[in-house]
Enquirer: 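I have a structure I would like to understand better, so I am pasting it below and will then ask my questions one at a time.
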Amino acid sequence: MIERFLKQTKFTSVEDYNKNLEFIIPEGFNFAYDVMDAWAAEAPEKLAILWTNDQGDEIRTTYGELKEQTDQAASYLMSLGIGKNDPVMLILKRRYEWWVVMLALHKIGAIVIPATHMLTKHDIVYRNTRASVKAIICVDDPYVTEQIKLAMPESPTVDTLIAVTDHGKPIPEGFHDWQSEWKQAPQFVRPKHVNDNSDTMLMYFTSGTSGEPKMVAHDYLYAMGHLTTGVFWHNLHEGSLHLTVADTGWGKAVWGKFYGQWFAGATVFVFDHEKFNADTLLRQMEKYHVTSFCAPPTIYRFMIREDLSQYDLSSLEYCTTAGEALNPAVFDKFYEKTGIKMMEGFGQTETTMTLGTFPWMEPKPGSMGMPNAQYNIDLLRADGTSCEDGEKGEIVVRVGDRKPIGLFKEYYRDEELTREAWHDGIYHTGDMAWRDEDGYYWFEGRIDDVIKSSGYRIGPFEVESALMTHPAVVECAITGVPDDIRGMVVKATVVLGKEWKDKAGEDLIKELQQHVKKETAPYKYPRIIEFVDELPKTISGKIRRVEIRQKDEKKGEKE
């Protein structure tokens, strides 16, 4: 399959990859037709999806069957008046139908807007009005459908609501019944002109440190941009059974459960569950013989707290991680317990993977790896000049005359915001890193997260990594707290292991502070340590340091 889209399909070194990665770009590329339907024609009996849930249900779907289902779904959606360029919001959790609907909407040429099931009425109204959403397809969860109903009086562009429910379950008032209706649609006829490469295919609302969420618009070549994600970073092949832990409402789902994996001809494994539990997840990996696994560091942190010798993970070939920086201590412990070296990657909702550790590279624990050859990556100082090795700067993409495959089109309907991030031929990620003498990049944090204390610039990740080497610490977040003398002081918000919780107190605080002083430069140690049961996180598993800062600011105002 990939030989249709790459001039060279195998690489043996960084130099080989950087020199010879070159895409073959067809006109009017559409992932649903040009990849998925092509697999259905070539290998109709090959397994495309293995879906299961925490209730013990299971669905196995071949590429041939998936083509039939997505054709039927596309016909059904067209019968409801959904067509080319119509924005459609999906709130489907990890329901099997998400994969079918995503491909069906690609076949129509509609704009897909995946969203999390945690949205409130306000969130839904904002998305509906900003993106002129025409239809919402949602899981029949009482909270979700209620928030949608409450949003409708303030959502004039929405004219179609569809609920995906279990057979025999009553449908909420005002919603179409997916289960009883979609298979009754007439035979699908492909539209004459579905899309151009530059048309908008997919949009994500992504939150920043302030203001309302931004609308990140991607064109149809964004899907092709993930070829390198699945085939090279995940190192997938036609025999792979790949599991990425991700909710379908955020961008990591298409990184790890959709485009790149199917370019490789792999089988996407889905475990639909309500609440994460490391033991349950590991049992699923054992039962189904998962060969490839990707998750944010948060998941690995809880996995290594389990006795991994009690699970048969002999089928596991390859592990990757992204979403936030990986602490070296977690890498080391997972390697010690499994013999597998985690391969880290970095990117944003606005991009595909921009930096990564590829199979032809030796991973350095804690490093994001090297630039993906489809992007021209640089590190810039505040004055716009390039950094030297060892010097901290902002990660940027030098765009030049031709937008890289995988980079977003724009912040939809916001020219000013787009210009702020992307100007003078450079896209600014807002993330800080440094590069070592071997060309590996090391994450420092968001520009807004960097702490300036007594003239020192302290990246939160370096302090977090030091704390994570102490056996008491399961998770931690480093933030800055205003201080009259130092400007800011370092604060650590810490989640302790079960066996350490009853030791929380001044003695343990002093022990952790001394530990950090030994592990890294003493000036970085946290002068304030707070013990908590859990850290605030996004749906994608990223730690929300901004929420901790805001909470501390409110405390300061009261005092």
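Reckoned from all heavy atoms, side chains included, excluding hydrogens, waters and symmetry mates.
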Enquirer: Indicate yes or no: at least one non-hydrogen side-chain atom of Cys294 is less than 4.5 angstrom from one of Trp233.
Expert: yes
Enquirer: Ion pair present between Glu286 and Arg283, side-chain N to carboxylate O less than 4.0 angstrom?
Expert: yes
Enquirer: To the nearest 0.5 angstrom, please state how far the CD1 atom of Ile377 sits from the OG1 atom of Thr354.
Expert: 4.5 Å
Enquirer: Side-chain contact, heavy-atom cut-off 4.5 Å: Phe358 with Asn372?
Expert: yes
Enquirer: Step through the shown structure and confirm whether more than 12 heavy atoms of other residues, nucleotides or ligands are within 6.0 Å of NZ on Lys333.
Expert: no
Enquirer: Kindly give the heavy-atom pair with the smallest separation between Leu380 and Cys387, and that separation in Å.
Expert: C-SG, 3.7 Å
Enquirer: Nearest 0.5 Å please: distance from the CZ atom of Phe302 over to the CZ atom of Phe276.
Expert: 7.0 Å
Enquirer: Is a side-chain donor or acceptor of Thr418 paired with a backbone partner of Glu410 at a separation under 3.5 angstrom?
Expert: no
Enquirer: Would you say Glu462's side chain and Glu444's backbone share a donor-acceptor pair under 3.5 angstrom?
Expert: no
Enquirer: Would Glu420 and Lys214 pass as an ion pair if we require N to O under 4.0 Å?
Expert: no
Enquirer: Would one find more than 12 heavy atoms of other residues, nucleotides or ligands at under 6.0 Å from atom NZ of Lys510?
Expert: no
Enquirer: Using 0.5 Å steps for rounding, measure from the NE2 atom of His117 to the NZ atom of Lys93.
Expert: 5.0 Å
Enquirer: Using every non-hydrogen atom in the two residues, find where Ala433 and Met368 come nearest and quote the distance to one decimal.
Expert: CB-CE, 3.9 Å
Enquirer: Near Glu388 CD, under 6.0 Å, is it more than 12 heavy atoms from other residues, nucleotides or ligands?
Expert: no
Enquirer: Are there over 12 heavy-atom neighbours, none belonging to Asp307, within less than 6.0 Å of that residue's CG?
Expert: yes
Enquirer: Keeping the roles fixed (side chain from Thr385, backbone from Arg381), state whether a donor-acceptor pair exists under 3.5 Å.
Expert: no
Enquirer: If the condition is side chain to side chain donor-acceptor pair (under 3.5 Å), which residues does Asp389 pass it with, not counting sequence neighbours?
Expert: Arg435
Enquirer: Can you tell me how far apart CE (Met432) and CD (Glu394) are? Round to the nearest 0.5 Å.
Expert: 7.5 Å
Enquirer: Ile548 versus Arg544: any side-chain heavy-atom pair under 4.5 Å?
Expert: no
Enquirer: Does the side chain of Pro114 reach to within under 4.5 Å of the side chain of Leu202, using non-hydrogen atoms?
Expert: yes
Enquirer: Can you check whether Thr321 reaches Phe331 side chain to side chain, under 4.5 Å on heavy atoms?
Expert: no
Enquirer: Would you please name every residue forming a salt bridge (charged side-chain N to carboxylate O under 4.0 Å, His left out) with Glu362, sequence neighbours left out?
Expert: Lys341
Enquirer: Side chains of Pro359 and Asn235, heavy atoms from C-beta outward: is any pair under 4.5 Å?
Expert: yes
Enquirer: Are Tyr427 and Phe408 an aromatic pair, judged by ring center distance below 6.0 Å?
Expert: yes
Enquirer: Could you grab the distance from atom CZ of Phe269 to atom NZ of Lys257, nearest 0.5 Å is fine?
Expert: 9.5 Å
Enquirer: Do any N or O atoms from the side chain of Ser367 and from the backbone of Tyr441 form a donor-acceptor pair under 3.5 angstrom?
Expert: yes
Enquirer: Taking C-beta and beyond as the side chain, do Met468 and Arg301 meet within less than 4.5 Å on heavy atoms?
Expert: yes
Enquirer: Is the distance between the ring centroids of Phe258 and Trp98 under 6.0 Å?
Expert: yes
Enquirer: Using every non-hydrogen atom in the two residues, find where Leu417 and Asp414 come nearest and quote the distance to one decimal.
Expert: N-OD1, 2.9 Å
Enquirer: Would you check if Val399 and Pro404 make a side-chain contact, meaning some heavy-atom pair closer than 4.5 Å?
Expert: yes
Enquirer: Between His122 and Tyr126, does any side-chain donor sit less than 3.5 Å from a side-chain acceptor?
Expert: no
Enquirer: To the closest 0.5 Å, what do you measure between NE2 (His470) and CG (Leu508)?
Expert: 6.0 Å
Enquirer: Name the one of Val290, Val268, Leu236 that satisfies side chain to side chain contact (heavy atoms under 4.5 Å, CB included) with Leu241?
Expert: Val290
Enquirer: When you compare the side chains of Asn327 and Ser465, does any donor N or O come within less than 3.5 Å of an acceptor on the partner?
Expert: yes
Enquirer: Go through the side-chain N and O atoms of Glu350 and Tyr411 and say whether any donor and acceptor fall under 3.5 Å apart.
Expert: yes
Enquirer: Going by atom types alone, do Gln348 and Thr206 pair a side-chain donor with an acceptor below 3.5 Å?
Expert: no
Enquirer: Below 30° counts as parallel, above 60° as perpendicular, anything between as tilted: where do the rings of Trp360 and Tyr17 land?
Expert: tilted
Enquirer: Examine distances only and state if a side-chain atom of Thr351 and a backbone atom of Gly347 form a donor-acceptor pair shorter than 3.5 Å.
Expert: no
Enquirer: Using a strict 4.0 Å threshold on nitrogen-to-oxygen distance, state whether Glu519 and Lys524 make a salt bridge.
Expert: no
Enquirer: May I ask you to say whether Asp438 pairs ionically with Lys364, meaning some side-chain N is under 4.0 Å from a carboxylate O?
Expert: yes
Enquirer: Is Tyr288 atom OH crowded by more than 12 heavy atoms from other residues, nucleotides or ligands, each under 6.0 Å away?
Expert: yes
Enquirer: Is the backbone of Tyr143 close enough, under 3.5 Å, to the side chain of Asp141 for a donor and an acceptor to pair up by distance?
Expert: yes
Enquirer: Just by distance, with hydrogens left out, do Asn53 and Gln55 show a side-chain donor and acceptor under 3.5 Å apart?
Expert: no
